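Lettering of chains follows the sequences in order, A, B, ..., and the numbering in each one begins at 1. All values derive from a computational prediction rather than experimental measurement.
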Amino acid sequence: MSEKYDLPKAYEFGEVEKRWYDYWMEHKTFAATMEEGKESFSIVIPPPNVTGVLHIGHALNNTLQDLLIRYHRMKGDNTLWVPGTDHAGIATQNVVERQLATENKTRHDLGREKFIERVWEWREEKGGAIINQLKRMGASCDWDRERFTMDEGLSTAVREVFVRLFNEGLIYKGDYIVNWCPRCHTALADDEVEHDPTDGKLYHLRYPYADGKGVVIVATTRPETMLGDTAVAVHPEDERYRGLHDIGIKLPLTGRIIPVVLDHHVEREFGTGALKVTPAHDRDDYEIGLRHDLERIKIMDDHGVMNENAGSYAGLDRFACRKQIVKDLEEQGYLEKIEDYQHAVGKCYRCATVVEPTTSKQWFVSVRPLADKAVQAVRDERIKIYPNTWYNTFYSWMDNIRDWCISRQIWWGHRIPAWTCQDCGELIVATTDPDVCSKCGSSSLSQETDVLDTWFSSALWPFSTLGWPEQTKELQTFYPTSVLITSFDILFFWVARMMMMGLHLMDEVPFHDVYLHALVRDKHGKKMSKSTGNVIDPLVTIGQYGTDAFRFTLTAFAAQGREIRMDEERVEGYRRFINKLWNAARFAQMHIKDSDPSIIRVADDPSALPLHHRWILSRTNETIRRVRAAMDGYNFNDIASSLYQFTWHEFCDWYLEWIKAELYGDDDQARQNGRGVLLCVLENILKMMHPITPFVTEEIWNQLPGERGTIMLESFPDESPAWQDAEADNSMDLLMGVISAIRTIRSEADVHPTAKIQASIICPNKEEQELIRSFAGAIGGMTRTEHLEIMDSGVVPDDAGYVLVDGMEVFVPLKGLIDVQGELEKLDREHKKIDKELMRVVGKLRNEKFLKNAPEAVVQKEKGKQKELETRLAKNAESVARLRKLQ
RNA sequence: GGGCGAAUAGCUCAGUUGGGAGAGCAUCGGCCUUACAAGCCGAGGGUCACAGGUUCGAGCCCUGUUUCGCCCACCA
């Protein structure tokens, strides 16, 4: 905590942020509580890759989480935010392999064990840099509970799950076509393959009939795969190829005779309507192969190099082979033509190498039964998704889900806990490494070399981080977690799989709510990318504007269902807002410094307080209501705008100005009231702002009078019925209207801001008169009005500046200062506007159906509006007449 | 090809049982008024993409069109 000091004119965030974060860490204010009888609120962080660096998506994601965490902590819930990182199999292995490459080594030079040691070393030294960056963002995670998907506890959970699912028959090993990355030497899940539109060629090949009496043209983008062709497929109802089924095809270059199969998958309209079938190297062909029991000929090895099945092409790289094949086909007259062709090419999402579909033995999870549980949970609203536009996408993805390939042929990750007995061939799957074969007793066991897909361990994150499979107090208190906040692009990678695993293994949802936020784009809506050069680095932005301003900006942008266009100017704007708050506090400090802190109690029962105090408390109450509602409904932008609007435009612009006279005056009671309410409202603002802007609020909080301590553990403001005061709201609206009216007149007539004037108000309503009269001093102070005259009725002088407001006529004699022409033009514009509006209202009121169908309140409202418009029109005419006299 | 979303002030965007068109920035005018010039006061600015429909009443609900964006599946 810091000593009290006089706040400087401008808020300096740098030193403050560091000091408070250190304080929080030292005092462990982020630590979760597990007290009986309290509500629980928990979030598990979407674990960033251990190789990761904080980007703006993380910044948004973690700001929103921290917002909710701090809010619930202040509400007094048992609150836990579990931090951690993901071992990110391929990504991390790549990083270390690159490191090795600089030493001219490959992982094979080290061997598996040494290599893994090396990865752990890397992680100790350089991994998890993002954790410190999250701290810079102000994240209030319970850092003592930081987890890593490869740490001991989580590895235990992974094994436990694998074994359970295997024993239930939900994990199996099978031959299947997978996306193979020849560079990473591993299978990739469907969603780890990115499809980029790529310029390529479409080769049209001439396949001769087996009887030599004709030729069928097939098209392909990968001619080298012809070496593995085991059929040509045509549509069963395609007249052009009737009878070809019985003849067969003589495959060029190899001379193999292959059948012609009839399959509905073939599109008759595409190309010639004939499709070469390579079951070992194309997903669709693989399916066709299964249907027609075709042979699968693998023609490449794991490096993408042609193998012995490729005959004379063996040893050639797949792309070199493609060239050679095309050349040979052309020379032998099998090449019909080559077209330029743009098509989607699958690439490895980690290294961008062109993926090769190929068959291999892999481990799979049967997801159908798991997916059904997830879908059911969402249908039953045991899990709610925000914004709700994602429901359809979720369901359609889950309906089409395929078995999940979970084995990866890399070294960094959870090694699959399965062993094969070298003697009897028994497959053993166990949580602890077996010494001997359970069937024949042989000690000659070899473990699977594959590791699990990184997402397998991530899928367990919500319960593995809480100690599962042990039955811990943490699990009991915090599972299911409250909400998962993440970006929609991993809805399927991760979110859906957590649902499946949580529901299956815990028999309970992993989280009650899912909030999917948008991707952050640049201000023109473009994706941020290094190549475009439009990347906003959160750490740079923080350095320029401060963490609080940055967090406030992200919160203000986080409207549901819309992409976020990040505009740095907005950050600057919110930095000014933070500074505004700082200065409001500075103002308060100047006036309250030496006061008895007990003065705050005046706000407890505002009924006896003057109007403006009751008004600001009423507005405070309304703001509390709005902020809480927005928090509870994940309407983050509403939280930000409510606080911004209230703090700046009600509290600072009106209330602080209003009480200045009292604070500087010599009426003790008035001064005490002002101080008390001022401090009370400011404290409420700080508490409400704290979840978004933790640093500045903490610093200010501790500079206010009295014993303080961290604001983090103060209770979040509750609505207070005693503060709600509609009458005060209405009365203040009236007074503010009068003040604005006089200001408008002054400004338009170019009266110098410091010049004193006289003003008059014609106000037929006695109560309103009384109200204005009792606040004549305040009105005078805020408008530099020396003498305020209030009349029942009267005639506005010709040369007066004039505004009609709330049925009152406010005017200021100006003695020739009026811009007659300008005023007339303005009145004319106004006349047209009123007239148009009046026509609309009158039309409505003449409509019998409207009178019959509309609610009475709406009808009355329209009638009132008509009266008002008519008055305004009449007054407008009077003003015109008045001004004409001056011309 | 299927699905989803967006179109509101010059810019970025709010706008939920259908009844008042709004904010910030930018612009223009005036102010160093003792918390803040990182500020204060005031002003101007919109055919709510287009065309229909439902309704007493539509930015909001329905249909169609246009433009833009995203997701999924990719016809080899």
**Student:** Answer yes or no: side-chain N or O of Gln645(A) and base N or O of A14(B) forming a donor-acceptor pair under 3.5 Å.
**Tutor:** no
**Student:** Quote, to the nearest angstrom, the C1' distance that separates A43(B) from U55(B).
**Tutor:**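 About 38 Å, rounded to a whole number of Å.
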**Student:** Between A6(B) and G39(B), how far apart are the C1' atoms? Round to whole Å, please.
**Tutor:** 37 Å
**Student:** For a quick check, tell me whether the side chain of Lys844(A) and the base of C56(B) share a donor-acceptor pair closer than 3.5 Å.
**Tutor:** no
**Student:** For atom P, what is the distance between G3(B) and U63(B), given to the nearest Å?
**Tutor:** 13 Å
**Student:** So Tyr334(A) and Leu205(A), side-chain contact (heavy atoms from CB on, under 4.5 Å) or not? Walk me through it.
**Tutor:** CA-CA 6 Å; Tyr334(A) 293 118; Leu205(A) 312 181; 5.8 Å; no
**Student:** Within the structure shown, what part of the strands sits under 4.0 Å from Asn847(A) by heavy-atom distance: base, sugar-phosphate, or nothing?
**Tutor:**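 Sugar-phosphate only.
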**Student:** Can you check whether Val261(A)'s main-chain N or O pairs, donor with acceptor, with His292(A)'s side chain at less than 3.5 Å?
**Tutor:** no
**Student:** Quick one: look up who G57(B) pairs with, Watson-Crick or G-U, both distances under 3.5 Å, and put none if it's unpaired.
**Tutor:**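 Paired with no nucleotide.
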**Student:** When you measure from the centre of the six-membered ring of Phe557(A), is the NZ or CZ of Arg570(A) closer than 6.0 Å and no more than 45° off the axis?
**Tutor:** yes
**Student:** Which base sits across from U65(B) as a Watson-Crick or G-U pair, both distances under 3.5 Å?
**Tutor:**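 Partner of U65(B): A49(B).
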**Student:** Would you mind pulling out the nucleotide paired to U17(B), Watson-Crick or G-U wobble, both distances under 3.5 Å?
**Tutor:** none
**Student:** How far does the P atom of U17(B) sit from the matching atom of G59(B), given to the nearest Å?
**Tutor:** 14 Å
**Student:** Take atom C1' in C32(B) and the same atom in A26(B), then report the distance between them in whole Å.
**Tutor:**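 So the two C1' atoms sit 24 Å from each other.
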